[in-house]
Every structure is written in C-alpha cells, then in structure tokens.
Peer 1: 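My structure is below; once you've seen it, I'll send some questions.
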Amino acid sequence: MPFLTVDHLTHAYFSTKSVTTALEDISLEIEEGEFVSFLGPSGCGKTTLLSLIAGLLQPTSGEITIDHQTIHRPHKRIGYMFQQDYLLPWKTIEENIYLGLKIRRTLNDFNRTLALGLLDQMNLKETQSKFPHELSGGMRQRVALVRTLATNPSLLLLDEPFSALDYQTKLKLENLVFKTLKEHKKTALLVTHDIGEAVAMSDRVLVFSANPGRIKSIYTIPEHLQRMKPFDVRHHKDYNEIFQSIWEELNQLEDKD
Ligand SMILES: Nc1ncnc2c1ncn2[C@@H]1O[C@H](COP(=O)(O)OP(=O)(O)OP(=O)(O)O)[C@@H](O)[C@H]1O
Ligand SMILES: [Mg+2]
C-alpha cells in the first residue's frame with residue numbers, strides 16, 4: 001500500500017472578489033522511501049499542494065492520507081523545508097536545530113545527541129555556537145535541513161530549498177541531501193524549477209500544468225539513474241534525453257499561458 005495518497009484533491013482560494021482554483025482533481029500515490037519532484041510553471045499550485053499535504057491548509061474537496069490516516073492538521077511525521085531557511089537570528093545554530101524538537105516537546109538528551117550528529121554529518125559541527133548571520137547561505141540551508149531532520153519526520157516536503165544558492169553549492173547540497181535521505185530511508189517531495197535537479201534527484205518527476213493546476217504527466221526515472229548520486233546522474237549519457245523531453249513539455253505549457 002502507498003505511504004501517501006492524494007485522492008481527487010481540489011483546492012480553491014476564496015476572496016471577496018474572486019475564486020482562484022489553484023489545484024483541480026489531483027490524485028497521486030507515493031511509496032515509502034520514494035523521492036518525487038514537482039515541476040511546473042509559476043502559479044500551478046506546487047506550494048499549495050505541499051501546504052495541503054503538510055496539513056497547513058484544508059482542501060476544498062478530496063482527501064490526503066498518510067499511512068491510511070486522513071490529514072486534517074499538521075502532522076508530526078511531516079517535516080517542511082522552505083526556500084528561505086527561517087533560522088532565528090537571535091539563537092545559536094545549536095538552539096536553532098533544537099527548535100522543532102522543542103515545539104514538539106521532545107527535546108531530550110537522546111534527541112539532542114541525534115541532532116548534533118546530523119550537524120556533524122553536514123560538516124557544521126564547528127558552527128554550533130555561532131549565530132545564523134555568521135554562516136553562508138549554503139551553510140544556513142544545511143542547518144535548516146538538520147533542524148527538519150532532527151524531528152525524525154517520515155516525510156520531507158522541500159519547497160525550492162536550493163533555489164537561492166549558487167550553482168556549485170547547490171550541486172554539493174543535492175548530493176548531501178540525497179545521501180542523507182537515502183541513509184535515513186525518508187520519503188521526500190521536492191518542488192523545484194530546475195529540471196536537472198528534478199531528474200538528478202528523483203525516482204519520479206511530476207509535471208504540472210497551470211490554471212487550474214493539474215498533473216500533466218509523470219516521468220519515471222530509469223532505475224540505474226535512481227540509484228546514482230545526483231551529480232553523477234547529471235553526467236550520465238541517458239540524462240540529456242529525459243531532460244530534453246521535460247524541457248519541451250514545460251516549454252509548451254508556458255507558451256499556452
Ligand atoms: N494565500 C493565497 N490566497 C489566494 N490565492 C493564492 C494564495 N496562495 C496561492 N494563491 C494562488 O494559487 C495559485 C497557486 O499558487 P502556488 O503558490 O501554489 O503556486 P506555485 O506553483 O507554488 O508557484 P511558484 O512556482 O511561483 O512558487 C496561484 O494562482 C496563486 O496566485
Ligand atoms: Mg511555490
């Protein structure tokens with residue numbers, strides 16, 4: 001049975017003057033441990049879908065389940081990481097990585113050690129007593145990732161987590177995040193505008209069309225590429241063909257707007 005199901009989901013935003021149907025009739029199934037990316041034009045509802053899955057929004061119609069349980073509110077098994085790192089500037093890196101645990105009232109010695117271990121894995125141990133402004137953008141994103149992973153979520157929702165980073169840092173982080181998620185057997189959904197990133201990191205890539213947001217097509221990445229590190233996928237001979245098909249499909253979608 002799938003770990004996450006989205007069943008005939010529709011979501012509209014209502015204001016006094018208008019109704020925006022952000023998503024229409026979305027159905028999908030995600031297996032445990034799967035890495036799935038969402039690609040699509042701006043405004044096609046990617047962030048809305050992550051917010052619905054996170055339980056931050058209630059769908060207009062349809063249902064989302066995790067392990068057969070309907071999501072009605074934020075769920076402790078879900079970790080959310082945004083485009084901006086949202087570290088608290090007045091708290092040290094160590095205090096920042098405990099934040100999620102504190103909110104969930106699960107900050108104990110065991111979890112502290114676990115969080116510090118993750119910080120070490122991200123090569124950030126020496127930043128422990130520093131403040132966010134003393135770190136580079138890439139370092140801060142790594143801290144944000146540690147904070148998200150520290151609560152041990154089964155499902156990670158990543159909304160353009162690398163988009164503000166320089167290319168080199170982004171490629172390094174792709175590898176690091178990929179390795180960390182595989183080691184900890186996490187299920188992940190990644191929103192990105194970078195086709196290469198989606199192909200390099202994912203098991204499947206979902207392409208959305210806009211107005212209203214719908215799933216246009218699904219690409220299953222060949223298994224031999226799924227197993228490879230993202231950096232190596234980008235250099236594999238089979239990479240370009242998949243990149244090209246998705247590129248053309250997205251181009252057609254944007255021409256329609
Ligand atoms: N809080 C809101 N109130 C009203 N409309 C909203 C709200 N949030 C999003 N929308 C609308 O819903 C649609 C989908 O927005 P969403 O942010 O989910 O798109 P997206 O695919 O994440 O776009 P981007 O790639 O630019 O981040 C858009 O038309 C947007 O204007
Ligand atoms: Mg968005």
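Just follow the structure's listing: the first ligand is 1, and inside any ligand the first atom is 1.
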Peer 1: Give a yes or no on whether atom 13 (C) of ligand 1 lies under 4.0 Å from any heavy atom of the protein.
Peer 2: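 Protein heavy atoms within 4.0 Å of atom 13 (C) of ligand 1 - there is at least one.
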Peer 1: Is A22 in polar range of ligand 1, meaning some N or O pair under 3.5 Å apart?
Peer 2: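 A22 vs ligand 1: no N/O contact under 3.5 Å.
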Peer 1: To the nearest 0.5 angstrom, please state how far the CD1 atom of I26 sits from the CD1 atom of I53.
Peer 2: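 It is 9.5 Å, given to the nearest 0.5 Å.
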Peer 1: Just to verify, which of T106, L116, T151 counts as forming a side-chain contact (heavy atoms from CB on, under 4.5 Å) with N111?
Peer 2: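 When T106, L116, T151 are each tested with N111, the side-chain contact (heavy atoms from CB on, under 4.5 Å) holds only for T106.
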Peer 1: Would you mind running through ligand 1 and noting each atom that sits below 4.0 Å from a heavy atom of E160?
Peer 2: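 Here the atoms of ligand 1 in question are 27 (O).
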Peer 1: Could you find the nearest protein heavy atom to atom 18 (O) of ligand 1 and give me its residue, atom name and distance?
Peer 2: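 The protein heavy atom lying closest is T48 OG1, 2.5 Å.
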Peer 1: Quick check on the Mg ion (ligand 2): does T47 put an N/O/S atom closer than 2.8 Å to it?
Peer 2: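 It does; at least one qualifying atom falls short of 2.8 Å.
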Peer 1: Just need the protein heavy atom nearest to atom 23 (O) of ligand 1, so name the residue and atom and give the distance.
Peer 2: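 In this structure, atom 23 (O) of ligand 1 has G43 N, 2.8 Å as its nearest protein heavy atom.
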Peer 1: Return the CG to CD distance between D120 and Q128, rounded to the nearest 0.5 Å.
Peer 2: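 CD of Q128 is found 9.5 Å from CG of D120.
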Peer 1: Can you classify the ring geometry of F243 versus W247 as parallel (below 30°), tilted (30 to 60°) or perpendicular (above 60°)?
Peer 2: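 It falls in the parallel class, under 30°.
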Peer 1: Nearest to atom 25 (O) of ligand 1, what protein heavy atom do you find, and at what distance?
Peer 2: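 The closest heavy atom on the protein side is K46 NZ, 2.8 Å.
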Peer 1: Anything under 30° is parallel, anything over 60° is perpendicular, the rest tilted; go ahead and classify H235 against F231.
Peer 2: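 Ring orientation of H235 relative to F231: tilted.
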Peer 1: How far is atom 6 (C) of ligand 1 from its nearest protein heavy atom, and which residue and atom is that?
Peer 2: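 Looking at atom 6 (C) of ligand 1, the protein heavy atom closest to it is Y13 CD1, 3.3 Å.
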Peer 1: Side chains of K76 and N152: is there a donor and an acceptor less than 3.5 Å apart?
Peer 2: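 Judged by distance alone, the side chains do not pair up.
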Peer 1: Is atom CD of E126 surrounded by more than 12 heavy atoms (other residues, nucleotides or ligands) closer than 6.0 Å?
Peer 2: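 Atom CD in E126 is packed in, count exceeds 12.
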Peer 1: Do E249 and S217 pair up side chain to side chain, a donor and an acceptor below 3.5 Å, judged on atom types alone?
Peer 2: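 There is such a pair (donor and acceptor under 3.5 Å, judged by atom type) between the side chains of E249 and S217.
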Peer 1: Any idea which protein heavy atom is nearest atom 24 (P) of ligand 1, and the distance to it?
Peer 2: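 Among all protein heavy atoms, the one nearest atom 24 (P) of ligand 1 is S42 OG, 3.7 Å.
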Peer 1: Show the atoms of ligand 1 that are less than 4.0 angstrom away from any heavy atom in H193.
Peer 2: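 Reading through ligand 1 atom by atom, the close ones are 25 (O).
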Peer 1: To the nearest 0.5 Å, tell me how far I78 CD1 sits from I66 CD1.
Peer 2: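 Taking CD1 in I78 and CD1 in I66, the distance rounds to 3.5 Å.
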Peer 1: May I ask you to check if ligand 1 and G45 share an N or O to N or O distance below 3.5 Å?
Peer 2: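 Yes; at least one N/O pair falls below 3.5 Å.
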Peer 1: Return the residue, atom name and 0.1 Å-rounded distance of the protein heavy atom closest to atom 31 (O) of ligand 1.
Peer 2: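 Protein heavy atom at minimum distance: T20 CG2, 4.9 Å.
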Peer 1: Which one holds for T47 and ligand 1: side chain close, backbone close, both close, or neither close, with close meaning a heavy atom under 4.0 Å?
Peer 2: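 Both the backbone and the side chain of T47 come within reach of ligand 1.
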